[in-house]
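What follows is a short report on a single structure.
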There are 2 protein chains.
Amino acid sequence: MKTVDFEKLKSGKKAAMARALAQVERAPDSRETLDLLNAAYQEPQGHVIGITGPPGVGKSTLTNTLIAQWRSMGRTVGVIAVDPSSKRTGGALLGDRTRFTTDPDDQGIYVRSMAARDRLGGLAGLTVSGMVLMRAVYDVVLIETVGVGQSETDIVGVADTVLFCVQPGSGDSLQFIKAGIVEIPHIVAITKADMGAPARRAVADMKGALNLAGRQGADPWDIPVLLLSSMQQKGIKELVDAFDTHLEFLKDNSLLNDARHIQAKQWLEEAVREKFGRVGMGKVEDQLAISAEHSPFERLFDISQEFEKRWS
Amino acid sequence: MKTVDFEKLKSGKKAAMARALAQVERAPDSRETLDLLNAAYQEPQGHVIGITGPPGVGKSTLTNTLIAQWRSMGRTVGVIAVDPSSKRTGGALLGDRTRFTTDPDDQGIYVRSMAARDRLGGLAGLTVSGMVLMRAVYDVVLIETVGVGQSETDIVGVADTVLFCVQPGSGDSLQFIKAGIVEIPHIVAITKADMGAPARRAVADMKGALNLAGRQGADPWDIPVLLLSSMQQKGIKELVDAFDTHLEFLKDNSLLNDARHIQAKQWLEEAVREKFGRVGMGKVEDQLAISAEHSPFERLFDISQEFEKRWS
């Protein structure tokens with residue numbers, strides 16, 4: 001199969017992006033893939049936005065609405081939809097690729113689903129590579145997580161701006177704090193805001209949680225808490241403005257490159273740790289058998305001893 | 001500090017359990033700790049039950065009620081409460097040790113909070129060791145997770161029986177399936193069931209999801225979906241019966257030892273992978289610097305090359 005070079009990718013054609021992603025998937029360790037990723041990494045141009053929140057909160061609907069809004073503004077959009085994956089079957093539970101309705105002839109929008117299969121390495125290994133490729137091509141890269149498992153905290157490691165969606169009645173301030181949710185977002189959206197009083201209470205609860213957690217006032221970025229109406233036609237312009245404002249904030253304070261650098265460093269460390277762990281596992285495969293006499297604690301003890309000897 | 005031997009631990013005194021846990025925490029790699037864990041691993045006697053579900057669903061209240069119920073039946077109980085931990089601060093967000101109200105003079109109940117700090121190695125490293133120690137001493141070992149992040153799926157790797165708690169209005173069948181929730185539990189409890197119609201709808205939604213996911217009918221264990229009333233005084237006896245029935249089911253079908261063996265094997269593999277990863281990281285620490293010229297992809301490529309050379 002022909003390899004894709006960075007110039008072809010930058011043309012912005014969907015077919016080139018599809019081929020590039022296929023290449024990263026097929027030959028992640030090849031020199032050609034490395035050259036492509038290197039080039040894309042060195043020319044970031046888009047704003048990476050992560051959307052997270054519990055299942056059923058309306059993330060897919062919102063993503064659809066945001067795509068339409070950005071396209072109407074002439075901005076190009078790449079979407080990575082991280083799908084739930086089953087621990088039992090090892091595959092994505094639902095074929096979710098069809099949940100976004102986009103014009104197939106529009107070259108300014110590209111949607112790719114990825115399985116959140118492998119927890120090691122944070123978001124699916126391909127997510128970071130895919131983000132880097134899309135970031136070099138599109139004005140906005142939107143990453144929508146499944147909102148369950150660790151995807152909520154992993155998104156912090158890959159997005160410039162994180163939106164947390166929550167619907168009225170999800171909990172009070174203390175519960176948001178206990179769940180660690182308030183540490184994640186740069187922007188919060190209360191969805192299904194046509195619920196009236198419950199929606200206003202949700203805003204107050206979320207603001208209370210952000211205050212208690214020291215994410216308002218103390219932080220130089222005050223987290224906006226926005227209301228989105230049920231079909232998300234209301235509030236969408238304000239949300240897009242909030243994304244832009246956060247990006248400007250990052251740039252004005254020279255935080256964008258720093259944050260991306262830290263993210264890249266963390267990704268590398270996780271990738272190296274995973275690489276070493278996986279290869280190391282292969283070296284001791286025959287010492288992993290557990291029995292009544294050989295507890296897992298004893299096996300780990302023995303393997304650790306041997307490891308220290310080999311690396312000393 | 002004096003080390004604890006297994007005979008002392010088996011006396012069932014709280015002080016012995018506290019010292020044993022402190023020792024595992026302080027000297028996880030010592031020969032004394034290994035001997036203690038080995039002995040405890042070889043004499044499992046309790047039923048390990050995991051409780052999970054989203055924040056705010058009433059897990060702490062339920063845990064309190066279950067403790068009282070079991071103690072009134074004369075059963076001893078060990079509790080491991082896995083607390084949320086902050087990625088930013090590295091510590092537990094709330095000091096939650098006080099959320100359970102137990103009689104300090106009662107030697108038949110021991111509660112220990114642990115931080116879900118370190119994702120590598122599944123549940124906090126200490127959780128598995130602590131479970132093994134408690135399992136050798138108490139009739140029931142209850143593990144309550146924070147219900148956010150990957151703790152929901154990790155609990156499967158450590159409990160014999162998993163209870164998933166959900167409250168009315170949390171979602172419909174499709175959303176439970178999308179979130180992968182239905183793959184986890186052996187028992188489902190709808191909390192706050194005094195809500196009437198919404199509670200009955202929640203039961204129907206959950207049963208629908210379990211059916212669609214093939215966890216009813218096809219599976220030899222039919223997952224009970226129980227209603228618990230607001231203060232959890234109603235339904236609690238049925239829940240305790242359901243725990244006992246599931247344990248009998250596991251024993252009758254010779255599944256208990258197999259399942260525990262698989263869990264131990266998975267824990268060992270994760271621990272080995274983590275061990276290799278962490279030590280390996282140290283070997284390449286000076287090659288991790290990222291710059292505009294040296295992308296994280298290039299660094300990983302170079303490190304991988306070197307790794308293969310060293311291990312060839």
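Labels below follow one simple rule: chain letters A, B, ... track the order of the sequence lines, proteins then strands, and each chain is numbered from 1. Note that the structure is predicted; figures quoted are calculated from it, not measured.
Checking side-chain atoms of B:His261 against main-chain N and O of A:Ile290 turns up a donor-acceptor pair under 3.5 Å. A donor-acceptor distance shorter than 3.5 angstrom exists from the side chain of B:Gln263 to the backbone of B:Ala159, with no hydrogens or angles considered. One N or O on the side chain of B:Lys59 and one on the backbone of B:Gly53 form a donor-acceptor pair closer than 3.5 Å. A donor-acceptor pair under 3.5 Å is absent between the side-chain atoms of A:Arg299 and the main chain of A:His294, judged by distance alone.
Looking at A:Leu37, the atoms closer than 4.5 Å to chain B (heavy atoms on both sides) sit in the backbone and in the side chain alike. Contact of B:Ser291 with chain A is made through the backbone alone, with heavy-atom distances under 4.5 Å. With a 4.5 angstrom heavy-atom cutoff, A:Gln42 touches chain B only via side-chain atoms. Contacts between B:Leu300 and chain A at a heavy-atom distance below 4.5 Å involve backbone atoms as well as side-chain atoms. Proximity to chain A (any heavy atom under 4.5 Å) is shown, for B:Glu269, by both the backbone and the side chain. For a residue to count as touching a neighbouring chain, one of its non-hydrogen atoms must lie under 4.5 Å from one of that chain's; by this rule B:Leu34 touches chain A with the side chain only.
Taking chain A as the reference chain and counting heavy-atom pairs below 4.5 Å, the highest number among B:Ala289, B:Ser304, B:Pro28 is found for B:Ser304. Among the candidates B:Thr33, B:Asp35, B:Val132, the residue making the largest number of heavy-atom pairs closer than 4.5 Å to chain A is B:Val132.
Using cut-offs of 30° and 60° for the angle between ring planes, the A:Trp267 and B:Phe297 rings count as tilted.
Here the side chains of A:Ser60 and A:Glu144 are in contact, with some heavy-atom distance below 4.5 Å.
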